[in-house]
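Accompanying notes for the structure given below.
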Amino acid sequence: MTDIWSPFTLGGITLPHRLAMAPMTRSRAKPDGTPGDLAPEYYAQRASLGLLISKGTQPSEDGQGYLATPGIYTDEHVAGWRKVTDAVHAADGRLFIQLMHVGRRSHPDNTPHHNQPVAPSAIASGKAMFTMSGMQPVPQPRALQKEEIQQTIADFAYAAKRAIEAGADGVEIHGANGYLVHQFLAPDSNHRTDEYGGTMERRARFAIDVVRAVVDAVGPQKTAIRLSPGVATGGIAEGQDNDELYRYLAVKLGKMGLAYIHVLYTRTDLFLEDMRRSFGGPLILNRPGRSREQIGADVAEGLADIEALGVMALANPDLVRRLKTGATLNDPKPALFYAGGGAEGYTDYPVIDAA
Ligand SMILES: Cc1cc2nc3c(=O)[nH]c(=O)nc-3n(C[C@H](O)[C@H](O)[C@H](O)COP(=O)(O)O)c2cc1C
């Protein structure tokens, strides 16, 4: 049985244990997409987690969907992220930046160019989005032209390069939770009839092309992807019908020698084992809503190499110490998860000594 507190090597870096912080959008970036002034402190506070995965970060203006999310495609973004990675490394931590292109889950009020959102097909998600004027339904997207798909792939590769230039230990492509990559994978959001739609091989092509472009830009050891097989979200309800595609994708990704795949899994069946076998490399698992008692079980049972925790890590900067010592955990403050700007609910969660 593998112990959650045993070290693990991934992407050429040795992690002191097998807990990671899941990516979490906090909507506290500056208006130009540079990480906010408190971001270095926020991540450094949590550096005792073996691996930190950053908030979703857009690779381009088109990629932004939420209010005040950071980017990683301008010199200012790179300088801002450099402060974050320096702070994390000074605290002995490691950070992968998550590259998140939201595709159709965008609202023009939240993007710098205010353009209509883009997607594989002109199919709205039917969901709402928080903007400066409150919740608003997201508009119908327009389908990406073929040349624009190539540009979007290039944008991911460029953003990955800039992330490494900013000192990140790697990048995690967001292929989960109903965002652009997932919109290509799922049949209900992808009605294309060209080589990026239709059969499962064609629906998987965008994900594979993005990963390959990022691998070419920064190397396989600094490249990872997050997937959520069968998770119904953002207007996507692929269920288990898409398992064959995920198996195919996992085999393809496995051949590329990536740092890891990060699987967000809400199912109780054994498909996860299938994914793990098909990929063959390091697997990070995030099961939403895990209790303290459940932490370590998936690693112990050999279902995953690393377990990622979201809200618990958000609310407990010293989560590792608390888990190891049996100290009580802070209660999260959901009303402040995305609340713009301040330290409250961001960098002011107490550590044990002050709790
Ligand atoms: C405030 C908040 C923001 C999130 N933002 C992202 C994100 O940017 N990218 C992503 O892949 N998942 C995001 N998630 C999902 C988490 O990574 C994770 O899957 C989820 O919180 C379930 O895990 P947990 O129960 O351990 O928190 C977010 C979750 C929360 C609570």
Side-chain angles (χ1 to χ4, degrees), residues 4 18-29 33 35 39 42-43 46 49-59 63-72 95-103 105-106 110 129-130 159 163 171-183 185 207 224-234 236 260-267 272 284-299 304 306-316 319-320 323 329-340 344-347 349:
I4 193 85
R18 290 149 178 273
L19 279 184
M21 173 160 138
M24 281 176 288
T25 292
R26 303 305 311 274
S27 287
R28 284 162 165 89
Y42 169 69
Y43 286 108
R46 288 157 180 77
L49 266 316
L51 179 70
L52 305 175
I53 306 162
S54 82
K55 43 195 91 181
T57 301
Q58 54 267 9
Q64 183 170 2
Y66 294 87
L67 201 55
T69 53
I72 181 71
L95 179 85
F96 268 51
I97 293 180
Q98 188 187 54
L99 301 180
M100 172 166 93
H101 189 310
V102 302
R105 295 186 70 181
S106 176
N110 291 347
M129 169 63 66
F130 188 74
V171 294
E172 177 182 287
I173 297 155
H174 198 342
N177 296 359
Y179 298 109
L180 184 69
V181 174
H182 195 185
Q183 289 159 29
L185 299 176
I225 185 167
R226 189 175 212 205
L227 299 168
S228 53
V231 174
T233 179
I236 287 174
Y260 64 84
I261 56 167
H262 183 176
V263 181
L264 188 155
Y265 208 67
T266 54
R267 296 157 57 168
L272 181 66
I284 300 184
L285 178 59
N286 173 233
R287 288 193 202 254
R290 292 299 259 181
S291 68
R292 177 182 195 145
E293 293 69 36
Q294 289 171 311
I295 294 172
D298 288 322
V299 164
I306 308 255
E307 295 178 19
L309 297 167
V311 172
M312 236 185 247
L314 181 159
N316 296 278
L319 180 61
V320 169
L323 293 175
L329 300 177
N330 293 325
D331 287 330
K333 300 173 193 159
L336 299 169
F337 281 178
Y338 308 99
E344 207 191 342
Y346 189 46
T347 48
Y349 281 103

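One-based numbering, in listed order, for ligands and for the atoms of each. Heavy-atom basis, side chains included; hydrogens, waters and symmetry copies ignored. Residue numbers run from 1 in the order of the sequence given. Computed from a prediction, not measured in an experiment: that's the story for all the values here.
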Inset, instruction - Check each atom of ligand 1 against the heavy atoms of Pro288 and keep those under 4.0 Å away; list them by number with element. - result: 22 (C), 23 (O), 25 (O)
Legend entry - Approximate separation, where rounding is to 0.5 Å, of Met21 CE and Asn316 CG: 11.5 Å
Legend entry - Nitrogen or oxygen of His174 less than 3.5 angstrom from that of ligand 1: yes
Inset, instruction - Would you confirm whether Asn330, through its side chain, and Ala315, through its main-chain N or O, come within 3.5 Å as a donor-acceptor pair? - result: yes
Legend entry - Test item: side-chain donor near acceptor, Arg26 and Tyr42, under 3.5 Å: yes
Legend entry - Pick from Pro332, Pro23, Gly310: the one approaching atom 17 (O) of ligand 1 most closely through a non-hydrogen atom: Pro23
Inset, instruction - Report the nearest protein non-hydrogen atom to atom 31 (C) of ligand 1: residue, atom name, distance rounded to 0.1 Å. - result: Val311 CG2, 3.7 Å
Inset, instruction - Show which atoms of ligand 1 fall inside a sub-4.0 Å distance from at least one heavy-atom site of Leu309. - result: 26 (O)
Legend entry - Contact check: Gly56 vs ligand 1, nitrogen or oxygen atoms, below 3.5 angstrom: yes
Inset, instruction - For ligand 1, find out whether one of its N or O atoms is nearer than 3.5 Å to an N or O atom of Gln98. - result: yes
Legend entry - Nearest-neighbour protein heavy atom for atom 29 (C) of ligand 1, which is reported as residue plus atom name and distance: Met24 CG, 3.7 Å
Inset, instruction - Please examine the side chains of Arg105 and Gln183, heavy atoms only from C-beta on, and report whether any two atoms are closer than 4.5 Å. - result: yes
Legend entry - Contact with ligand 1 for Tyr179, non-hydrogen, under 4.0 angstrom: no
Inset, instruction - Answer yes or no: are there more than 12 heavy-atom neighbours, outside Glu344 itself, under 6.0 Å from its atom CD? - result: no
Legend entry - For Asn177, the ligand 1 atoms whose distance to one of its heavy atoms is below 4.0 Å: 11 (O), 12 (N)
Inset, instruction - May I ask you to identify, for Met312, whether its side chain, its backbone, both or neither come under 4.0 Å of ligand 1 on a heavy-atom basis? - result: neither
Legend entry - Min N/O separation Arg290 to ligand 1 under 3.5 Å: no
Inset, instruction - Among all protein heavy atoms, pick the one closest to atom 3 (C) of ligand 1 and tell me residue, atom and distance. - result: Thr25 N, 3.2 Å
Legend entry - Close N or O approach (Arg226, ligand 1; < 3.5 Å): yes
Inset, instruction - Keeping the roles fixed (side chain from Ser54, backbone from Gln98), state whether a donor-acceptor pair exists under 3.5 Å. - result: yes
Inset, instruction - Report, in ascending order of atom number, the atoms of ligand 1 lying under 4.0 Å from any heavy atom of Ala22. - result: 17 (O)
Inset, instruction - Please determine if Phe337 has a nitrogen or oxygen closer than 3.5 Å to a nitrogen or oxygen of ligand 1. - result: no
Legend entry - Contacting atoms of ligand 1, where contact means under 4.0 angstrom from a heavy atom of Leu264: 19 (O)
Legend entry - side chain to side chain donor-acceptor pair (under 3.5 Å) between Arg226 and Asn286, intermediate numbers included: CA-CA 10 Å; Arg226 189 175 212 205; Asn286 173 233; 3.0 Å; yes
Legend entry - Heavy-atom side-chain contact between Tyr349 and Leu314 under 4.5 Å: yes
Legend entry - Pair Tyr338 and Tyr66, ring centroids less than 6.0 Å apart: no
Inset, instruction - Keeping the roles fixed (side chain from Glu307, backbone from Asp298), state whether a donor-acceptor pair exists under 3.5 Å. - result: yes
Inset, instruction - For Gln58 and Gly63, work out which heavy atoms get closest and say how close. - result: CB-C, 3.7 Å
Legend entry - Gly289 touching ligand 1 at heavy-atom level, < 4.0 angstrom: yes
Inset, instruction - Indicate yes or no: does an N/O atom of Asn286 lie under 3.5 Å from an N/O atom of ligand 1? - result: yes
Inset, instruction - Looking only at non-hydrogen atoms, find the nearest pair between Val299 and Arg18 and report the distance. - result: CG1-CD, 3.9 Å
Inset, instruction - If you have a sec, work out which protein heavy atom is nearest atom 2 (C) of ligand 1 and how many Å separate them, to one decimal? - result: Tyr338 OH, 3.3 Å
